[in-house]
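A short write-up of the structure that comes next.
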Amino acid sequence: MNKIQMNVPLVEMDGDEMTRILWTMIKDELILPFVDLKTEYYDLGLKYRDETDDQVTVDSANATLKYGVAVKCATITPNPARVEEYDLKKMYKSPNGTIRAILDGTVFRAPILVKGIEPCVSNWKKPITIARHAYGDVYKNSEIRVPGAGKAELVFTGDDGQEIRQTIMEFKAPGVIQGMHNLDSSIRSFAESCMQFALDSKQDLWFATKDTISKTYDRDFKEIFEQVYEESYKDKFEEAGITYFYTLIDDAVARVMKSEGGFIWACKNYDGDVFSDMLSSAFGSLAMMTSVLVSPKGVYEYEAAHGTVQKHYYKHLKGEQTSTNSVATIFAWSGALRKRGELDGIDALVDYANKLEEACIETIEKGEMTGDLARITTLENPTVLSSEGFIKAIRKTLEEKLA
């Protein structure tokens, strides 16, 4: 068959460890044989980020603003152990946090449902989509290790000379301090993105913070969401037959567990990070969730919601066989290629992306899957495939669909 032609490149952000190995396999088996792939490549592997003092991460985000669509591999956010392991110059910030700060917008994550992989929560009948704010909070924090007794203060000095000062803690012994921030403009973009996504998908929208405790920080989120809803979306929601609902984050968790699903759950940055992993695992596997950052600037960044699968990578380095689930990474590629096709009017690329996703699902439903799914499937006698074997099985199904 003739390869599908692309006009505008994707921004390709390579990553780390086992997902980097899968990245190459996916391209070689599932994309390059069918698509005349055009990408602007950025190596976000930890070693190269260190070589460039993390400038490559900034460059990849700016390229995404230029081209409109990116696909990203999972990357390491270094901790002290990683600094020592990779002999890094310093402990770099999360690359996802850096990219999201530049792109702004909201990360939407939803489970990939297949027959034979049943949710741990029996009453969940429909997907629950997490809408995660993609700016600020702990991902753009400043931290201090307090060496001993003293006073910690929160200080704001305005350009006009105005000073606001508040005592955080009178320390009597060593401890730690963390400072976080957010922007009204980013919170408003978050609210607008969530409400527009709810309208487009005809799903109810839930939003939750802890404004009873965080009476300034979290209340700002609550009030901006209410303003955006009342000013621009209330009538549209009523006309579409959907609702906007606010509650406290602990109440939201209880309601989610008793729900049937089928709604969007908007969360602040850290909450969304945690609860998207909880939902993906409860729906089946961390590797069975889509993730896309939708920016108000009109750009899209697709990625897998999980990490770099470190344990499997170490097995791979020893020459041992792994059975790593690549579905979320494949769906990152299919999502980016579909969006590129939609923006550029290439119907064949859209159709290919749809069939690639269908091939993933059908392969699993035929009983061919990786070990993580075989351990939880209700299908009888599943065939457990290696990392490469699973991708090759998907290719066989894909070729049948494209024939």
Checklist entry - In terms of side-chain heavy atoms, does Gln203 have a donor or acceptor partner in Ser201 at a distance below 3.5 Å? => result yes

Item to check | Tyr42 vs Thr57 side-chain heavy atoms within contact, under 4.5 Å | outcome: no

Checklist entry - Is it the case that Lys401 and Asn354 place a side-chain donor and acceptor less than 3.5 Å from each other? => result no

Next on the checklist: If only side-chain N and O atoms count, and only distance matters, is there a donor-acceptor pair under 3.5 Å linking Asn96 with Ser94?
Outcome noted: no

Next on the checklist: Under a 3.5 Å cutoff, is there a donor and acceptor pairing between the side chains of Ser285 and Asp372?
Outcome noted: yes

Checklist outcome for this item: Taking every heavy atom of Ile364 against every heavy atom of Met369, the minimum-distance pair comes out as O-CE, 3.5 Å

Checklist entry - Taking all non-hydrogen atoms of both residues, which atom of Asp204 and which atom of Ile242 are closest, and how far apart? => result OD1-CA, 3.3 Å

Checklist entry - Going by an N to O cut-off under 4.0 Å, is there a salt bridge joining Lys115 and Glu365? => result no

Next on the checklist: I'd like to know if Arg20 pairs up with Asp43 as an ion pair, taking the criterion as any Lys NZ or Arg NE/NH1/NH2 lying under 4.0 Å from an Asp or Glu carboxylate oxygen.
Outcome noted: yes

Checklist entry - Would a 4.5 Å heavy-atom cut-off, applied to side chains only, mark Ile330 and Leu30 as touching? => result yes

Checklist entry - Is it true that atom NZ of Lys396 has more than 12 heavy atoms of other residues, nucleotides or ligands lying nearer than 6.0 Å? => result no

Next on the checklist: side-chain hydrogen bond (donor to acceptor under 3.5 Å, both in side chains) for Glu357 and Ser334? Distances and angles first, verdict last.
Outcome noted: CA-CA 7 Å; Glu357 293 181 358; Ser334 62; 2.6 Å; yes

Item to check | Charged tip of Lys72 within 45° of Tyr302 ring normal and under 6.0 Å | outcome: no

Next on the checklist: Closer than 3.5 angstrom, by distance alone: can the side chain of Ser386 be matched with the main-chain N or O of Gly389 as a donor-acceptor pair?
Outcome noted: yes

Item to check | Test item: Thr377 side-chain N/O and Ala374 main-chain N/O as donor-acceptor pair under 3.5 Å | outcome: no

Checklist entry - Atom CG in Leu199, atom CD1 in Ile264: separation rounded to 0.5 Å? => result 9.0 Å

Item to check | CD/Glu380: more than 12 non-hydrogen atoms of other groups inside 6.0 Å | outcome: no

Checklist entry - Would you say the side-chain atoms of Thr322 and Ser387 include a donor-acceptor pair closer than 3.5 Å? => result yes

Next on the checklist: I'd like to know if the side chain of Ser295 reaches the main chain of Leu103, judged simply by a donor and an acceptor atom lying under 3.5 Å from each other, with no hydrogens or angles considered.
Outcome noted: yes

Checklist entry - Got a sec: does the CD of Gln178 have more than 12 other heavy atoms crowding it under 6.0 Å? => result yes

Next on the checklist: Could you check whether Gln55 and Asp53, counting side-chain N and O atoms only, form a donor-acceptor pair closer than 3.5 Å?
Outcome noted: no

Checklist outcome for this item: Checking Leu293, Val294, Val71 against Glu301 for side-chain contact (heavy atoms from CB on, under 4.5 Å), the one that qualifies is Leu293

Checklist entry - Think Lys339 forms a cation-pi with Tyr300, using NZ or CZ under 6.0 Å from the six-ring centre and within 45 degrees of its axis? => result yes

Checklist entry - Passes salt bridge (charged side-chain N to carboxylate O under 4.0 Å, His left out), Arg165 versus Glu153? Steps please. => result CA-CA 7 Å; Arg165 185 180 295 268; Glu153 293 183 296; 2.7 Å; yes

Checklist entry - Should the heavy atoms of other residues, nucleotides or ligands under 6.0 Å from CD of Glu143 be counted, would the total exceed 12? => result yes

Checklist entry - Just wondering, more than 12 heavy atoms not from Asp160 lying within 6.0 Å of its CG? => result yes

Checklist entry - Which distance, rounded to the nearest 0.5 Å, do you find between the OG1 of Thr19 and the CE of Met25? => result 11.5 Å

Item to check | For Leu37 against Lys27, the heavy-atom pair lying closest together | outcome: CD2-CE, 4.1 Å

Item to check | Ser276 side, atom OG; His306 side, atom NE2 - distance, nearest 0.5 Å | outcome: 11.5 Å

Checklist outcome for this item: Value for CD (Glu40) from NZ (Lys66), rounded to nearest 0.5 Å, stands at 5.5 Å

Item to check | Sub-4.5 Å side-chain heavy-atom contact between Pro174 and Arg145 | outcome: yes

Item to check | Atom OH of Tyr48 with >12 non-hydrogen neighbours under 6.0 angstrom | outcome: no

Checklist entry - Under 3.5 Å, is there a donor-acceptor pair between the Asn182 and Asp137 side chains? => result yes

Next on the checklist: Nearest 0.5 Å, please: how far is CD in Gln227 from CD1 in Ile187?
Outcome noted: 10.5 Å

Checklist entry - Do Met6 and Leu349 have side chains that get closer than 4.5 Å, going by heavy atoms? => result yes

Checklist entry - Which word best sums up how the rings of Tyr135 and His181 line up, parallel for under 30°, tilted for 30 to 60°, or perpendicular for over 60°? => result perpendicular

Next on the checklist: With a 4.5 Å cut-off on side-chain heavy atoms, are Leu65 and Ile102 touching?
Outcome noted: yes

Item to check | Between Asp211 and Tyr217, a side-chain donor and acceptor under 3.5 Å | outcome: no

Next on the checklist: Check this for me, if you would: do Arg188 and Asp184 make a salt bridge, where the nitrogen-to-carboxylate-oxygen distance has to be below 4.0 angstrom?
Outcome noted: no

Next on the checklist: Please tell me whether Tyr229 and Glu231 have a donor and an acceptor in their side chains that are separated by less than 3.5 angstrom.
Outcome noted: no

Next on the checklist: Any salt bridge linking Arg82 with Glu17? Criterion: basic side-chain nitrogen under 4.0 Å from a carboxylate oxygen.
Outcome noted: yes

Checklist entry - Does the pair Lys89 and Asp50 meet the rule for a salt bridge (charged side-chain N to carboxylate O under 4.0 Å, His left out), with working shown? => result CA-CA 7 Å; Lys89 300 171 188 173; Asp50 187 54; 5.2 Å; no

Checklist entry - Given side chains that start at C-beta, do those of Val107 and Asp273 come closer than 4.5 Å, heavy atoms only? => result no

Next on the checklist: Both conditions, 6.0 Å and 45 degrees, for the charged tip of Arg109 above the ring of Phe197: are they met here?
Outcome noted: no

Item to check | Between Tyr246 and Glu226: side-chain donor-acceptor atoms closer than 3.5 Å | outcome: no

Checklist entry - Do other residues, nucleotides or ligands put more than 12 heavy atoms under 6.0 Å from the NZ atom of Lys297? => result yes

Item to check | Salt bridge flag under 4.0 Å for residues Glu400 and Arg395 | outcome: no

Checklist entry - Would you call Lys222 and Asp220 a salt bridge, taking side-chain N to carboxylate O under 4.0 Å as the test? => result no

Checklist entry - Do Ser281 side-chain atoms and Asp277 backbone N/O form a donor-acceptor pair below 3.5 Å? => result no

Item to check | Cys73 to Asp14 - nearest heavy-atom pair and separation | outcome: CB-C, 3.8 Å

Next on the checklist: Distance check, rounded to the nearest 0.5 Å: Leu337 atom CG versus Glu342 atom CD?
Outcome noted: 11.0 Å

Checklist entry - Can you say whether the rings of Phe237 and Tyr233 are parallel (under 30°), tilted (30 to 60°) or perpendicular (over 60°)? => result perpendicular

Item to check | Exercise: identify the closest heavy-atom pair between Arg132 and Lys268 | outcome: CG-O, 4.3 Å

Checklist outcome for this item: All heavy atoms of Asp16 vs all of Ile76, minimum pair found to be OD2-N, 2.9 Å

Checklist entry - Are Lys90 and Asp54 close enough for a salt bridge, meaning some N to O gap below 4.0 Å? => result no

Checklist entry - So, Asp251 and Arg255, do they make that salt bridge, N to O below 4.0 Å? => result yes

Checklist entry - Is the Phe190 ring parallel, tilted or perpendicular to the His133 ring (thresholds 30°, 60°)? => result parallel

Checklist entry - Any side-chain donor paired with an acceptor under 3.5 Å for Asp104 and Ser186? => result yes

Checklist entry - Relative to each other, are the rings of Phe207 and Phe225 parallel, tilted or perpendicular (30° and 60° limits)? => result parallel

Checklist entry - Does a side chain donor of either Thr397 or Lys366 reach within less than 3.5 Å of an acceptor in the other side chain? => result yes

